[in-house]
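Throughout, protein chains are lettered first and strands after them, A, B, ... in sequence-line order, and every chain is numbered starting at 1.
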Protein chains: 2
Amino acid sequence: MYICPMYSSELIKGTLKTIVLNLLKEKGKMYGYEITQKVKELTEGKIQITEGALYPTLHSLEQNGELETEKEYIGKRVRKYYKLTKQGHVTAAERINEFAGFMNTMKFLLDLEPKMG
Amino acid sequence: MYICPMYSSELIKGTLKTIVLNLLKEKGKMYGYEITQKVKELTEGKIQITEGALYPTLHSLEQNGELETEKEYIGKRVRKYYKLTKQGHVTAAERINEFAGFMNTMKFLLDLEPKMG
DNA sequence: TGGAAATACATAAATATCTTATGTATATTT
DNA sequence: AAATATACATAAGATATTTATGTATTTCCA
């Protein structure tokens with residue numbers, strides 16, 4: 001059975017915040033582990049966010065005022081739900097917009113016709 | 001007069017090798033400084049490759065057998081032209097292909113409909 | 001004609017981001 | 001009962017890039 005390979009970590013670098021902000025914008029609130037699973041599921045395993053990368057990023061976004069948290073107990077186990085602050089919504093929109101522009105630029109750059117220029 | 005802003009360096013991260021390999025595939029041979037200027041020109045300043053990032057990358061691609069060099073003298077000043085090796089052509093195609101897939105995945109991930117899932 | 005800007009290379013220290021490894025603990029499945 | 005999944009967290013190491021610095025030649029223009 002064929003397993004679709006992950007994208008190189010080099011490419012994924014730099015997109016983590018954009019992914020997280022966008023997911024929270026769409027879903028309202030999510031907890032860390034849920035984010036890792038959702039991204040894996042939505043990308044069919046092609047993008048896998050490690051917890052070692054995600055948790056520090058969530059903490060940093062929170063400290064920066066983009067996210068706020070709310071704890072929930074499932075039995076004895078804690079979940080930390082994250083959601084966008086007002087400022088976080090602005091940042092999310094900016095990031096997504098910037099990424100869309102970046103993709104267009106890269107598409108143009110990589111679709112160059114031979115011998116052109 | 002409006003100056004279109006650069007993309008955040010976070011986003012550009014990880015795409016440098018892909019950009020360089022693709023440009024060399026299209027142009028045949030280029031020297032370092034020429035690459036920085038060409039990328040700036042083609043992207044209207046939205047992507048600017050710094051020499052501090054480019055030269056180490058070119059050296060590393062050369063050491064890895066993806067690129068080979070040829071010196072040319074313009075008066076007393078040297079230019080180091082880089083071109084793809086046979087292996088470099090394979091790697092270039094792989095990288096470009098991978099990036100195209102990555103863009104599709106990201107597009108899907110960021111175009112999520114509200115409340116879906 | 002002389003100084004600024006552009007061309008052309010290079011490397012190193014500092015910074016940022018991510019991977020890999022490790023740790024703790026609870027809940028579920030087999 | 002043991003293995004796996006859930007759920008958090010942090011730290012050491014790896015990697016890639018920015019920023020700073022250095023050298024030298026050539027072109028532009030005032």
Side-chain angles (χ1 to χ4, degrees), chain A residues 5-21 23 29-41 45-64 66-67 69-82 95 99 102, chain B residues 5-21 23 29-41 45-64 66-67 69-82 95 99 102:
Chain A
M6 271 187 66
Y7 298 122
S8 72
S9 66
E10 218 173 321
L11 274 189
I12 297 171
K13 236 171 227 183
T15 59
L16 182 52
K17 277 182 190 161
T18 305
I19 291 172
V20 167
L21 290 168
L23 267 183
K29 65 174 189 177
M30 294 181 88
Y31 55 97
Y33 186 75
E34 187 186 9
I35 293 174
T36 65
Q37 299 307 300
K38 200 68 190 171
V39 170
K40 188 174 165 184
E41 176 200 326
K46 283 176 282 189
I47 297 180
Q48 267 164 266
I49 295 180
T50 63
E51 293 172 273
L54 180 62
Y55 289 119
T57 295
L58 288 172
H59 300 163
S60 132
L61 286 169
E62 187 185 8
Q63 282 207 328
N64 213 37
E66 320 281 4
L67 303 183
T69 60
E70 174 189 325
K71 280 185 188 175
E72 188 174 305
Y73 282 85
I74 309 296
K76 282 182 186 169
R77 196 160 54 191
V78 72
R79 271 184 192 167
K80 257 174 93 176
Y81 276 97
Y82 288 86
R95 287 272 190 168
F99 191 81
F102 177 66
Chain B
M6 271 187 67
Y7 298 122
S8 73
S9 67
E10 218 173 322
L11 274 187
I12 297 171
K13 241 169 223 187
T15 59
L16 181 53
K17 277 182 191 165
T18 305
I19 290 172
V20 167
L21 290 169
L23 266 184
K29 67 175 190 178
M30 295 180 88
Y31 54 98
Y33 187 75
E34 186 185 10
I35 293 175
T36 66
Q37 299 307 300
K38 199 69 190 169
V39 169
K40 188 173 165 185
E41 175 200 327
K46 284 175 280 188
I47 297 179
Q48 267 164 267
I49 295 179
T50 62
E51 293 173 274
L54 180 62
Y55 289 118
T57 296
L58 287 171
H59 300 163
S60 131
L61 285 169
E62 186 185 7
Q63 282 206 327
N64 213 36
E66 319 281 4
L67 302 182
T69 61
E70 172 189 327
K71 281 185 187 173
E72 188 174 306
Y73 281 86
I74 309 295
K76 280 181 186 172
R77 195 159 55 190
V78 72
R79 271 185 193 167
K80 257 174 93 175
Y81 276 98
Y82 289 86
R95 287 272 189 168
F99 190 81
F102 177 66

>> Rounding to an integer number of Å, can you tell me how far Asn64(A) CG sits from dA16(C) P?
In response: 13 Å

>> Taking the nucleotide of DNA chain D with the nearest heavy atom to each, does Lys13(A) or Glu34(A) sit closer to the 5' end?
In response: Glu34(A)

>> Let me confirm one number: the CD1-CD1 distance from Ile19(A) to Ile35(A), rounded to the nearest 0.5 Å.
In response: 10.5 Å

> Atom OH of Tyr7(B) to atom C1' of dT17(D): distance rounded to whole Å?
Replying inline: 19 Å

> Nearest to the side chain of Tyr33(A), which nucleotide is it out of dT17(D), dA7(D), dC18(C)?
Replying inline: dA7(D)

> Within this structure, what is the OH-to-P distance between Tyr73(B) and dA8(C), rounded to whole angstrom?
Replying inline: 14 Å

> Can you check the Met6(B) CE to dT19(D) C1' distance for me, whole Å?
Replying inline: 13 Å

>> Determine whether Thr15(A) and Phe102(B) satisfy the following criterion, side chain to side chain contact (heavy atoms under 4.5 Å, CB included), listing intermediate values before the conclusion.
In response: CA-CA 11 Å; Thr15(A) 59; Phe102(B) 177 66; 3.9 Å; yes

>> Show the nearest heavy-atom pair for residues Tyr31(A) and Lys80(A), with the distance to one decimal.
In response: CB-O, 3.1 Å

>> If you assign each of Gly75(A) and Lys17(A) to its closest nucleotide in DNA chain C, which residue comes earlier from the 5' end?
In response: Lys17(A)

>> What is the distance, to the nearest angstrom, from the CD atom on Glu62(A) to the C1' atom on dC8(D)?
In response: 13 Å

> Does OP1 or OP2 of dA7(D) have a side-chain N or O of Tyr31(A) closer than 4.0 Å?
Replying inline: yes

>> Could you check whether any side-chain heavy atom of Lys29(B) comes within less than 4.5 Å of a side-chain heavy atom of Glu72(B), counting everything from C-beta outward?
In response: yes

> Can you check whether His59(B) has a side-chain N or O nearer than 4.0 Å to OP1 or OP2 of dT11(C)?
Replying inline: yes

> Looking at dT6(D), does its base get a donor-acceptor pair with the side chain of Arg77(A) below 3.5 Å?
Replying inline: yes

> Nearest of dT7(C), dA10(C), dC8(D) to any side-chain atom of Tyr82(B)?
Replying inline: dA10(C)

>> Distance check needed: dT19(D) P versus Glu51(B) CD, whole Å only.
In response: 14 Å

> Among dT11(C), dT18(D), dC9(C), which is the nearest nucleotide to the side chain of Ala53(B)?
Replying inline: dT18(D)

> Between atom CG in Leu54(A) and atom C1' in dT6(D), what is the gap in whole Å?
Replying inline: 14 Å

> Nearest-Å distance, OH (Tyr55(B)) to C1' (dA24(D))?
Replying inline: 13 Å

>> On DNA chain D, compare the nucleotides closest to Leu58(A) and Pro56(B); which residue's is nearer the 5' end?
In response: Leu58(A)

>> Just by distance, no angles: are the side chains of Thr69(A) and Glu62(A) close enough, under 3.5 Å, to form a donor-acceptor pair?
In response: yes

>> Quick check on dA9(D): is either OP1 or OP2 less than 4.0 Å from any side-chain nitrogen or oxygen of Lys80(A)?
In response: yes

